[in-house]
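Quick notes on the structure that follows.
What's counted below: heavy atoms across the whole structure, side chains too, no hydrogens, waters or symmetry copies. The structure displayed is predicted, hence computed values, not measured ones.
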Amino acid sequence: MDKDSQGLLDSSLMASGTASRSEDEESLAGQKRASSQALGTIPKRRSSSRFIKRKKFDDELVESSLAKSSTRAKGASAVEPGRCSGSEPSSSEKKKVSKTPSTPVPPSPAPAPGLTKRVKKSKQPLQVTKDLGRWKPADDLLLINAVLQTNDLTSVHLGVKFSCRFTLREVQERWYALLYDPVISKLACQAMRQLHPEAVAAIQSKALFSKAEEQLLSKVGSTSQPTLETFQDLLHRHPDAFYLARTAKALQAHWQLMKQYYLLEDQTVQPLPKGDQVLNFSDAEDLIDDSKLKDMRDEVLEHELTVADRRQKREIRQLEQELHKWQVLVDSITGMSSPDFDNQTLAVLRGRMVRYLMRSREITLGRATKDNQIDVDLSLEGPAWKISRKQGVIKLKNNGDFFIANEGRRPIYIDGRPVLCGSKWRLSNNSVVEIASLRFVFLINQDLIALIRAEAAKITPQ
């Protein structure tokens, strides 16, 4: 009985020990979860120490990246609690925890929200180049310089060329914002300080002239011929009156502009006549005597007209010389057409749209191109993309007979009979010639052919 009771006692002690150990582990895990929730950190995932590891899914990759970014953003104060809450205790630590009494461990206090915000703000760079709207730093510098020179916003609006078109109200609102709005003025000053020195110098050179500067420039006589040394001496004698970026060349250019608009002291503008003496353009035009106007001769224009006239006359002469060389004439067929034959036409190849007059003993038929000129262009009658560039040749023999020879790829049909490539066929009066769906009627000038046969008969017996 003693042994049995002793065994039961030992088993109950072991059970109670394991139960207390499990309770301690659960309480420790609960404390860790509570501390991690209080700190706002995501516990790290357990990773096996084995060589072969399971691939992570997409959601696990996103959670791990979020956990890494959140632990980096917490700073040095949150590193230790994050590590304790995210890492699993080792076996030796478990033994130590199980041996210690199960007393509740208070969670570490979370850092104040103001501290974390202050840390985040310190890490982010100051946005100096904030969106200032349509106003650029160069525009602000132009506006400030122009107002300091003229003290008039209307003159600034009319005389300064900004990066984009601003109304007078927009110029006024921008100037008041630079004066009285601390945020806009601070941002504008920071942006203007970042301008390149060359850009600043270019902007300062465009500054408007003040009244004091124009008064000093107007004292320079209009009849004199001032040089750059004159304006340089003017700059040395009045350094306080002129703007710091003024140069002798800039003063000379503005003086010439003032002279053009009669703004110098020794210049006077003639007043307009009053009353009935005011003339309009039509009245002044009526008073002009055309006979007194000089007839200005334009030699260049006359030379061009002479050259063009010579060129046209040369082309006309060339056409007249080539007139006897024409072998085929093309006429459009209308309801009232001229007679088919004359004393020079041997035969006519008559189609539905045009007719071809044969005036030489040999002509070529085909499709004309830039590089290939022929006597009878069949494309004038209709679609000729199936016709060869040199489809055939029509010849007149000494005995008065006409023959057609096929030199193209497709056959030529004479009265329904095909004439293949390399073959020839005799043409008679009213023969129907068909070439690639284009039909023509071959008409022979019988009177002229009879004369030719008679002449041939006279020559043959001799």
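In this structure, R134 forms no cation-pi arrangement with F162, as its terminal cationic atom is not both closer than 6.0 Å to the ring centre and no more than 45° off the ring axis.
Between the side chain of S423 and the main chain of V419, no donor-acceptor pair closer than 3.5 Å is present. Remark: the backbone N or O of Y243 is paired with a side-chain donor or acceptor of E213 at under 3.5 angstrom. N445 places a side-chain N or O within 3.5 Å of a backbone atom of T345 that can act as its donor or acceptor partner. No side-chain donor-acceptor contact under 3.5 Å links D233 to the backbone of E229. Using modelled atom types, no side-chain atom of K390 and backbone atom of G366 make a donor-acceptor pair closer than 3.5 Å. Between the side chain of T364 and the main chain of D375, a donor-acceptor pair closer than 3.5 Å is present. Between the side chain of Y413 and the backbone N or O of R439, no donor-acceptor pair lies under 3.5 Å. Although no hydrogens or angles enter the test, the distance criterion places a donor-acceptor pair under 3.5 Å between the side chain of Q267 and the main chain of K259. Side-chain N or O atoms of D377 include one that pairs as donor or acceptor with a backbone N or O of A368 at under 3.5 Å. A donor-acceptor pair under 3.5 Å is formed between the side chain of S388 and the backbone N or O of R409.
Put simply, the side chain of N430 reaches to within 4.5 Å of the side chain of V441, judged on heavy atoms. Using a 4.5 Å heavy-atom threshold, the side chains of I435 and R410 count as separate. At least one side-chain heavy atom of I414 sits less than 4.5 Å from a side-chain heavy atom of V433.
F440 pairs in a side-chain contact (heavy atoms from CB on, under 4.5 Å) with only one of the listed residues (R350, R355, E381), which is E381.
Taking E173 as the reference, R169 meet the salt bridge (charged side-chain N to carboxylate O under 4.0 Å, His left out) condition, with sequence neighbours excluded. Looking at residues two or more places apart in sequence or on another chain, you find a side-chain hydrogen bond (donor to acceptor under 3.5 Å, both in side chains) between S155 and D152.
For E198, the CD atom sits in a loose shell: 12 or fewer heavy atoms of surrounding residues, nucleotides or ligands are nearer than 6.0 Å. For W255, the CH2 atom sits in a packed shell: over 12 heavy atoms of surrounding residues, nucleotides or ligands are nearer than 6.0 Å.
Here CD of Q172 is found 8.5 Å from OG1 of T167. Values are rounded to the nearest 0.5 Å.
Relative orientation of the W135 and F166 rings is parallel, given thresholds of 30° and 60° on the angle between their planes.
When all heavy atoms of F242 and L216 are compared, the closest pair comes out as CE1-CD1, 3.7 Å.
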